[in-house]
Amino acid sequence: MPARYCQDSPDAILSCALEDMVLFYHRPSGQTHMVISPVPEILATLDDGAALTAGEVLGQLARHYDLGAAEEALPLVEMHLTELASLGLVRIA
């Protein structure tokens, strides 16, 4: 069964866009992270408290962006979600 990812709470992360970069301040850890696309877009899919698999995140992103072939994009989304979980910005539900 694929892992489902979610955010702890909607107010745990503050964001500030600076040109092509976005700064995320993670309140629980007190750390600031500098990220670029597609990380902000991935986090936005989890904004409403949804617990989604990497495939579901990819499906939502594909509605708005041309991501190419799903078999190539899915491993990248999975990689980003794993990295975000290791940073504490998302968690496995």
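The neighbour count for D20 CG, taken as heavy atoms of other residues, nucleotides or ligands under 6.0 Å away, does not exceed 12. More than 12 heavy-atom neighbours from other residues, nucleotides or ligands sit within 6.0 angstrom of CG on L18. Within a 6.0 Å radius of CG in D66, other residues, nucleotides and ligands contribute 12 heavy atoms or fewer.
For the atom pair CE (M34) and SG (C16), the distance works out to 12.5 Å, reported to the nearest 0.5 Å. Distance check, rounded to the nearest 0.5 Å: CD1 of I13 to NE2 of H33 gives 8.0 Å. Interatomic distance, T53 OG1 to R4 CZ, rounded to the nearest 0.5 Å: 5.5 Å. Note that CD of E41 and CD of Q60 are 13.0 Å apart. Values are rounded to the nearest 0.5 Å. To the nearest 0.5 angstrom, S37 atom OG is 8.0 Å from I42 atom CD1. Put simply, CD on Q7 and OG1 on T45 are 8.5 Å apart, with the number rounded to the nearest 0.5 Å.
At distances below 3.5 Å, not a single donor-acceptor pair connects side-chain atoms of E72 with backbone N or O atoms of A69.
The two atoms that bring C6 and A51 nearest to each other are CB-CA, 4.0 Å, heavy atoms only.
Among residues two or more places apart in sequence or in another chain, the side-chain contact (heavy atoms from CB on, under 4.5 Å) test is passed with L58 by L67, A70, A73, L74, V77. Legend: residues meeting side-chain contact (heavy atoms from CB on, under 4.5 Å) with S15, ordered by chain and number and at least two apart, are V22, F24.
When hydrophobic clusters are built by joining Ile, Leu, Val, Met, Phe, Trp and Tyr residues whose side-chain heavy atoms come closer than 4.5 Å, directly or via intermediates, L43 is not grouped with L76. In the hydrophobic cluster analysis, where Ile, Leu, Val, Met, Phe, Trp and Tyr join through side-chain heavy atoms closer than 4.5 angstrom, L52 is grouped apart from M79.
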Check residues 81-92 and write down every donor-acceptor pair under 3.5 Å in which the side-chain atom is one partner and the other belongs to a residue at least two apart or another chain.
unit_1	atom_1	unit_2	atom_2	d
T82	OG1	E78	O	2.9
S86	OG	E83	O	2.7
R91	NE	D8	OD1	2.4

